[in-house]
Asks: 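Submitted below is the structure of interest, expressed as structure tokens.
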Amino acid sequence: MFLALRELSFARGRFALMGAVISLIALLVVLLSGLAVGLTNDGVSGLRSMPATSFAFSKGTITDNAFSRSLVDPQELAAWKDAPGIASAAPLGVSSVHGTANGQQIDLTLFGVEPSSFLSPAVSRGERLSGPAGIVVSETARAKGLELGSTVTLDRIGVELTVVGFTKGQATFGHVNVAYVPLATWRLIASGTAKPGPPTQAHVDAVAYRYASAVAVQAAAGAAPDLAAIDARAGTVSMTKAQAFNASPGYQPETLTLTMIQVFLYAISSLVVGAFFTVWTIQRKHELAVLRAIGASAGYLLRDGLAQAAILLGAFTALGVGAAVALGALMPSTAPFSLEPAPVAVATVLTIGLGLAGAAVAILRISRVDPLTALGGNR
Amino acid sequence: MNVNPAPSTLAQSTRAQPAPALDLTDVVLDLGDGEASVRALDSVSLRIEPGEFAAVVGPSGSGKSSLLAVAGLLSAPTSGSVRVHGTEVSGLGPGAAARFRLENIGFVFQSGNLIPALTAADQLRLAARLAGNRRLDPEPLLRAVGMERRAGHRPEQLSGGERQRVGIARALVNRPPLLLVDEPTAALDRRRSAEVVGLLAEQAARFGVAVLMVTHDHDVLGHCDRILEMVDGRLAEAAAVA
């Protein structure tokens with residue numbers, strides 16, 4: 001690195017310019033990573049936090065928006081409960097509602113779950129689900145003005161639901177805060193027979209509607225149940241939890257778009273760094289020929305060149321990542337943005353690694369420099 | 001004039017004497033292929049003893065640079081033998097040739113050919129590090145060439161003569177038995193030319209290094225022990241300088 005460090009200092013203007021480009025790319029990559037994680041959280045954190053391993057939908061349901069399209073009946077649920085390798089199976093109702101709370105309009109995704117089932121959410125504040133009028137809402141709904149005891153009045157039908165608890169962490173679905181509601185209450189609302197005011201036990205007991213949107217399945221510990229075989233018997237179609245993310249509205253297009261932008265940025269980073277080191281190596285061709293002539297091995301010069309690229313990429317990527325983390329801290333809490341250590345580390349490693357790969361291809365030219373060109377009046 | 005003298009006529013008795021610093025025997029170098037092929041060196045034989053300062057003069061295109069290239073292991077001869085400090089080197093591959101150059105051959109180029117990013121002291125340190133010496137103190141060598149006060153200066157801050165002085169010091173860092181010098185005064189005025197070649201002769205004598213210098217500049221030949229002339233790829237003994 002003797003030569004590498006001195007060249008970095010000598011041509012600091014050129015390297016700073018290149019470094020600025022690397023920093024900007026790292027900044028963009030990390031910000032996009034934060035946006036991707038934030039959007040993923042916004043899209044599927046409600047599903048992700050569920051202790052289910054798979055979901056079963058009514059047969060023929062297409063993946064997109066499967067939760068709002070599917071209807072499963074008690075027979076299908078029973079088939080899953082009795083299936084081998086399944087620890088638990090519970091009905092899950094999913095629907096979107098609009099309402100008003102504290103004079104402000106609010107959108108919610110209702111997750112109808114049986115309060116005694118494994119789907120009933122743990123709470124960070126307040127109480128767990130119990131009574132027919134109580135709801136447990138996502139912690140992020142507090143930013144919308146909801147507090148314990150707040151009443152949400154659903155538009156048009158006038159059903160009044162009271163916030164009794166907040167989930168641990170974010171629980172959103174399709175970028176809308178989730179409100180967990182007892183399945184019986186969800187069925188009351190879904191059946192269209194609800195009356196204005198808080199639902200009572202008498203109201204929900206009177207509902208004949210016995211459907212749910214899907215069956216949430218929890219595989220027995222260590223078991224790998226044959227979902228296709230159970231589907232065939234139950235007359236359903238299953239998705240693993242990860243596959244079910246694609247059933248969240250807009251999830252797949254959003255993640256694909258962001259992934260594509262990130263891939264392009266990585267490719268651009270690699271190409272830009274490669275182009276810079278190609279020009280840099282060509283400019284140093286005579287100097288490299290002199291070094292080869294006085295006895296420097298190609299290996300020494302290649303290692304030196306790669307060390308130079310690694311220092312440049314490492315330093316300026318760290319600068320870009322640092323700036324991105326600082327910018328991330330300034331993001332408003334309502335923005336779908338979340339910087340998590342693992343994605344930031346992956347973005348950092350990929351920016352450096354792919355940049356280094358681009359530089360390596362360029363630096364390989366060093367091995368083709370002919371020391372004979374050191375002779376003569378080239379300098 | 002003795003054209004391409006046989007080694008036996010150029011060298012003194014080799015008994016009980018160290019191996020010649022450079023010994024070329026019937027070296028042929030063809031450049032290009034087929035009909036475009038040019039014979040750059042035509043049966044060249046040359047022997048330079050340790051401590052001897054030889055100069056090669058001749059018109060442009062006569063083969064002077066090709067002679068340096070073959071002697072410096074930068075070009076492999078088409079045929080013939082090249083021995084440096086007693087070692088046959090004509091068959092070495094690029095990697096082995098680079099290693100051999102590092103320890104046995106010093107180059108002084110036109111205008112110094114210094115590395116722009118390095119100070120005068122670092123030019124010497126780098127040459128030493130290439131040979132595995134990480135603790136070189138460049139000061140004595142820089143003082144020997146009168147450059148100790150310019151140790152922290154980069155090539156762009158040095159005059160042409162100063163660059164050549166640093167180039168000479170760099171070539172001597174690893175104490176090679178042979179120095180190959182390519183037109184060292186091409187970019188210098190007469191006074192500087194005389195100073196640089198005088199310094200080269202002085203340092204070569206001090207370290208017991210053999211020198212093969214290619215030059216157009218007949219004014220500096222007074223420092224040389226032998227003068228050879230290259231014409232159309234053939235080497236001839238031109239004159240001896242006492």
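Remember, it's a predicted structure, so these values are computed and weren't measured experimentally.
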Asks: Heavy-atom distances under 4.5 Å only: say whether Ala298(A) touches chain B with side chain, backbone, both or neither.
Replies: neither
Asks: Distance check, rounded to the nearest 0.5 Å: Leu291(A) atom CG versus Leu126(B) atom CG?
Replies: 6.0 Å
Asks: I need the minimum non-hydrogen distance between Ala98(B) and Ala296(A), along with the two atoms involved.
Replies: CB-O, 4.3 Å
Asks: Counting neighbours of NZ on Lys241(A) that are heavy atoms of other residues, nucleotides or ligands and sit closer than 6.0 Å, is the number greater than 12?
Replies: yes
Asks: If you count heavy-atom pairs under 4.5 Å between each of Glu183(B), Arg129(B), Arg170(B), Glu103(B) and chain A, which one has the most?
Replies: Arg129(B)
Asks: Can you say whether Asp122(B) sits under 4.5 Å from chain A via the side chain, the backbone, both, or neither, judging by heavy atoms?
Replies: both
Asks: How far does CG of Leu288(A) sit from CD1 of Ile115(B), to the nearest 0.5 angstrom?
Replies: 8.0 Å
Asks: Surrounding CZ of Arg99(B) (heavy atoms of other residues, nucleotides or ligands, distance under 6.0 Å), is the total greater than 12?
Replies: no
Asks: If I measure from the heavy atoms of chain A, does Leu102(B) come under 4.5 Å with its side chain, its backbone, both, or neither?
Replies: both
Asks: Who in residues 300-311 of chain A is close to chain B, using a strict under-4.5 Å heavy-atom cut-off?
Replies: Tyr300(A)
Asks: Working to the nearest 0.5 Å, report the span between CZ of Arg292(A) and CG of Leu74(B).
Replies: 10.0 Å
Asks: Enumerate by number any residue of residues 321-329 of chain A whose heavy atoms lie under 4.5 Å from heavy atoms of chain B; in the absence of such residues, state 'none'.
Replies: none
Asks: Need one label for Leu118(B): side chain, backbone, both or neither, based on atoms under 4.5 Å from any heavy atom in chain A.
Replies: side chain
Asks: Using non-hydrogen atoms only, which part of Gln123(B) is less than 4.5 Å away from chain A: side chain, backbone, both, or neither?
Replies: neither
Asks: Closest heavy-atom contact between Ser65(B) and Leu375(A)?
Replies: O-CD1, 3.8 Å
Asks: In residues 338-356 of chain A, which residues are in contact with chain B at a heavy-atom separation under 4.5 Å?
Replies: none
Asks: Is Arg134(B) in contact with chain A via its backbone, its side chain, both, or neither, using a 4.5 Å heavy-atom distance?
Replies: neither
Asks: Please check if the number of heavy atoms outside Asp232(B) that lie under 6.0 Å from its CG is greater than 12.
Replies: no
Asks: Between Ala186(B) and chain A, which part of the residue has a heavy atom less than 4.5 Å away: side chain, backbone, both or neither?
Replies: neither
Asks: Pull out the residues in residues 8-39 of chain A that come under 4.5 Å of chain B, heavy atom to heavy atom, sorted by number.
Replies: Ser9(A), Phe10(A)
Asks: Go through it in stages, so that I can follow the logic: the residues are Leu130(B) and Phe2(A), the test is side-chain contact (heavy atoms from CB on, under 4.5 Å), and I'd like the CA-CA distance, side-chain angles, deciding distance and then a yes or no.
Replies: CA-CA 10 Å; Leu130(B) 291 175; Phe2(A) 182 86; over 6 Å; no
Asks: Which atom names give the shortest non-hydrogen contact between Ala293(A) and Arg101(B), and what distance separates them?
Replies: O-NE, 2.8 Å
